[in-house]
Amino acid sequence: MLANEEVTADGRSERGDFPVYRRPMKQWMLRITAYADRLVRDLDLLEWTDAIKAQQRNWIGRSTGARVRFDTPAGPLEVFTTRPDTLFGATYMVVAPEHPLVAALTTPDQRSAVDAYVASAARRSDLERQADAKEKTGVFTGSTAINPVNGEAIPIWVADYVLMGYGTGAIMAVPAHDERDHEFARAFDLPIVQVVTGPEGTDVQAEAHVGDGVAMASANAEISLDGLAVAEAKAAITEWLEAQGLGAGTVQYKLRDWLFSRQRYWGEPFPIVYGDDGEPRALPADQLPLVLPPMDDFSPKTSDDEDSEPEPPLGRVEGWSTVELDLGDGPRPYRRELNTMPNWAGSCWYELRYLDPTNDEAFVAPENERYWMGPQFDGDCGGVDLYVGGVEHAVLHLLYARFWHKVLFDLGHVSSSEPFRRLFNQGMIQAHVYRDERGFPVPADEVVADGEGYTYQGRPVSREVGKMGKSLKNAVAPDEMCERYGADTLRLYEMFGGPLDQSRPWDTTAVVGMYRLLQRIWRLFVDEDDGTPRVSDEAPSDDTLRQLHRTIAAVRDGMETLRFNTSIARITELTNHLTATYPDGGVPRAVGEPLVLLVAPLAPHIAEELWARLGNPDSLAYQPYPEAMDDLLVDEAVELPVSINGKVRARILVPADADASVLEQTARDDPKVAALLEGATVRKVIAVPAKMVNFVVG
RNA sequence: GCCCGGGUGGCGGAACAGGCAGACGCGGGGGACUCAAAAUCCCUUGCCCGAGAGGGCGUGCGGGUUCGAUUCCCGCCCCGGGCACCA
């Protein structure tokens with residue numbers, strides 16, 4: 001048994017190239033659609049990137065519209081539309097090939113054509129249907145429907161551009177205002193009737209007008225939409241349809257219910273058994289957990305028989321697949337559910353288990369959940385403080401886990417309504433991929449660079465950037481760097497390369513920079529020759545103290561925004577300042593100790609070692625992270641640019657709190673500025689305290 | 001096609017809220033120390049013109065707003081990711 005994505009375009013299994021038969025199966029579904037609205041709405045509460053939020057919104061695909069009933073010879077045919085305002089422009093209808101009314105709608109003279117079309121559509125995989133989506137195909141059923149707003153008879157077609165899985169599997173086609181319907185109408189020469197005005201030059205016969213406009217040609221004896229804008233027209237016609245009992249406003253989602261069954265061994269077994277009557281029953285709590293039975297052969301049952309019933313591996317476990325149980329009404333025979341749950345079943349709630357891993361009474365004690373994940377202010381959704389993970393989980397894991405968590409919330413098991421308050425998607429360390437003339441990857445570590453380009457075994461190869469992996473022959477392990485420079489250097493180097501969310505190719509050339517930084521820090525504290533500590537108990541200078549506190553503030557900021565590269569840059573600056581100020585040792589302890597603590601999360605080993613050498617008996621892990629003193633963050637004097645007509649011409653030194661008039665006067669007093677202003681007309685002066693001065697000269 | 005990101009020196013990347021573009025590191029150039037080398041330290045390094053002082057240009061491209069734009073607005077180009085007949 002395979003999932004759709006494991007089947008190749010030519011209908012064979014990706015692994016092994018076996019023929020694949022499509023087969024409807026009875027499986028467990030979770031009603032994630034019931035949560036669709038909340039899953040969309042609560043995205044607003046999350047600190048996630050807009051990209052991921054947008055992906056989830058698109059995936060859920062909430063759209064508002066109306067359901068409308070059309071009368072047909074086979075009974076009422078209901079459609080979903082987001083544009084009920086264009087009802088007067090509906091010139092035909094389309095049902096999906098799988099629609100239950102297809103047979104009833106088909107007239108005898110169209111029977112063979114429709115049957116052939118439906119059969120060919122059934123044979124084609126979703127993939128194939130998508131592949132040639134450009135070409136619209138379809139067949140007339142022979143029947144017509146009555147457009148409820150104007151009583152017109154419009155033909156009903158079968159076409160595979162309408163999907164059974166969305167809406168009602170049937171549409172009203174408005175070719176004048178829908179691109180797909182327009183294409184179809186042109187292909188089969190169906191009428192195109194404009195009912196919404198477009199901009200100058202709009203010709204709906206040539207191209208559908210999908211945008212805004214004002215309703216036209218949309219009136220019957222009871223209602224007229226003419227003159228109304230799209231939104232108003234929608235509201236008006238929906239109200240009318242509801243009053244007439246012809247339809248109702250509704251919300252539709254692209255999101256489908258969650259197929260939760262897998263036909264393999266590995267996965268949580270469902271605690272469900274079936275009685276003689278075929279009805280499913282849940283195992284009572286005292287018979288949980290249900291664990292997988294031991295097995296030797298996990299492979300699924302194979303068969304070449306196209307009509308054989310698929311059977312999961314668990315079906316072969318005698319004495320497990322059928323059991324005798326007492327579910328309260330005496331011992332009876334039962335068949336177990338043989339499907340297992342998908343991996344998501346575990347990944348949807350594992351974060352909760354970390355809060356209370358040894359609890360064998362509940363998955364998490366309520367007080368633990370409240371402490372770690374509970375809401376922190378009114379209107380807060382709660383959840384883990386920071387979840388770092390890959391973007392590839394944007395719409396599967398992250399949506400499933402949110403749904404799961406909300407179910408637990410509704411059942412009262414958790415106080416947080418979202419699992420992951422803040423999400424951060426880390427980038428990937430990539431690698432160069434080298435390909436020969438045929439486009440095949442060649443081993444990256446055997447490629448040599450000449451001045452011009454790159455060659456492999458003397459032949460030129462192309463270079464691109466890609467994921468690391470075996471198939472691209474470009475994987476590199478960090479082990480060698482770790483061996484040579486140590487784990488601290490490796491850590492710093494990885495963090496210094498750029499922001500965490502960015503992907504970039506692995507490149508080792510700059511690693512010495514971080515190695516040098518650590519050595520400089522080390523030498524600040526330890527004498528190279530005899531290993532003795534070099535710090536002093538002197539008071540640091542005002543300048544050094546300010547530098548320290550600016551560093552603390554900046555490093556903290558980098559930590560909070562997960563931009564460790566900037567934290568490291570600020571630490572480097574402080575280190576450079578200290579080596580220059582105290583070339584022969586004697587860094588004041590009052591500066592040295594905070595520096596070591598700042599370094600600790602980034603390069604923990606060397607920091608811990610230095611902390612001990614500074615004479616501290618306990619681990620620095622028990623120390624609070626340094627805090628910046630606000631009054632030390634501002635300088636007493638600042639150097640500001642003076643520009644004339646926007647070009648920087650000089651710099652002036654002024655007190656940090658100097659006001660605009662002082663700035664202007666100081667600037668005017670500057671000899672260079674004075675020379676440039678001489679004889680010129682100053683039209684305007686902009687002086688922004690602590691920022692700059694600009695003279696506008698005419 | 002639609003929706004999201006992103007484009008800054010030779011390279012990785014800074015610039016919190018429209019106010020000194022290029023922090024920090026790598027690489028390059030020059031120097032000190034050394035018998036020599038490594039290591040270390042110092043100076044220098046966006047591009048162009050100029051001997052110099054200095055001047056001009058510069059954040060993908062073209063416009064705009066503003067005293068002032070990497071930052072805001074409009075229109076393009078290129079790269080990366082997602083979705084893809086969802087009515």
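Any value given below was found using the heavy atoms of this structure, including those in side chains, with hydrogens, waters and symmetry copies removed. Order of the sequence lines sets the chain letters (A, B, ...), proteins ahead of strands, with each chain counted from 1.
Residue contacts for A:A569: at a heavy-atom cut-off of 4.0 Å it reaches a base atom on one of the strands shown. Within the nucleic acid shown, A:G167 has no heavy atom closer than 4.0 Å to any nucleic acid atom. Counting non-hydrogen atoms under 4.0 angstrom, A:P499 reaches the backbone sugars and phosphates but no base. Backbone-only engagement by A:R523 is indicated by non-hydrogen atom pairs under 4.0 Å involving sugar-phosphate atoms exclusively. Heavy atoms of A:K691 sit under 4.0 angstrom from primed sugar atoms or phosphate atoms, though from no base atom. Within 4.0 Å (heavy atoms only), A:R570 reaches at least one base atom of the nucleic acid. Residue A:R256 is in base contact, counting any heavy-atom pair closer than 4.0 Å across all strands shown. No engagement by A:T579 is indicated, since no non-hydrogen atom pair under 4.0 Å with the nucleic acid exists. Among the atoms of the strands shown, only primed sugar atoms or phosphate atoms (P, OP1, OP2) are found under 4.0 Å from some heavy atom of A:R649.
The base-pairing partner of B:rG1, taking Watson-Crick or G-U wobble contacts with both distances under 3.5 Å, is B:rC83. Under the Watson-Crick and G-U wobble criteria, each requiring two contacts below 3.5 Å, nucleotide B:rA21 is left unpaired. Both distances falling under 3.5 Å, in either a Watson-Crick or a G-U wobble arrangement, place B:rC57 opposite B:rG46. B:rU40: Watson-Crick or G-U partner is B:rA32, with both key distances under 3.5 Å. B:rU65 makes up no base pair with any nucleotide shown, lacking Watson-Crick or G-U wobble contacts both under 3.5 Å.
The side chain of A:N565 contributes an N or O atom lying less than 4.0 Å from OP1 or OP2 of B:rA14. OP1 or OP2 of B:rG13 sits under 4.0 Å from a side-chain N or O of A:Q502. Using a 4.0 Å cut-off, no side-chain N or O of A:R504 falls inside it from OP1 or OP2 of B:rC11. Contact check, A:R516 against B:rC24: no side-chain N or O comes under 4.0 Å of OP1 or OP2. One finds no side-chain N or O of A:T561 lying less than 4.0 angstrom from the OP1 or OP2 phosphate oxygen of B:rC16. Using a 4.0 Å cut-off, some side-chain N or O of A:K647 falls inside it from OP1 or OP2 of B:rC57. Of the side-chain N and O atoms in A:R520, one or more sit less than 4.0 angstrom from OP1 or OP2 of B:rC41.
At a cut-off of 3.5 Å, with distance as the only test, no side-chain donor of A:Y485 or A:T508 sits close to an acceptor on the other residue. For the residue pair A:Q665/A:D669, the side-chain donor-acceptor check at 3.5 Å is satisfied. Checked by atom type, the side-chain pair A:T532/A:D527 shows no donor-acceptor distance below 3.5 Å.
Base orientation at B:rG28 is anti, since its O4'-C1' glycosidic dihedral falls outside 90° of 0.
Rounded to the nearest Å, the gap between the C1' atom of B:rG6 and that of B:rC61 is 16 Å. Atom P of B:rA17 sits at a distance of 23 Å from the matching atom of B:rU66, rounded to the whole Å.
With rounding to the nearest 0.5 Å, the separation of CH2 in A:W48 from CD in A:Q55 is 11.0 Å. Of the inter-residue distances, the one linking A:T64 atom OG1 with A:Q252 atom CD reads 11.0 Å to the nearest 0.5 angstrom. From A:T551, atom OG1 reaches atom NE2 of A:H577 across 8.5 Å, with rounding to the nearest 0.5 Å.
Judged by distance alone with a 3.5 Å cut-off, no donor-acceptor contact links the side chain of A:K53 to the base of B:rC4.
With rounding to whole Å, A:Q519 atom CD is found 16 Å from B:rA38 atom P. One interatomic measurement links the two molecules: CG of A:L663 to C1' of B:rG19, which rounds to 12 Å at whole-angstrom precision. As a whole-Å value, the separation of A:W506 CH2 from B:rG13 P is 13 Å. As a whole-Å value, the separation of A:H577 NE2 from B:rC41 P is 16 Å. The separation between A:L517 atom CG and B:rU40 atom C1' is 15 Å, rounded to whole Å.
Nearest-nucleotide positions on RNA chain B place A:D557 closer to the 5' end than the other of A:N576 and A:D557.
For A:G89 against A:P175, the heavy-atom pair with the smallest separation is O-CD, 4.1 Å.
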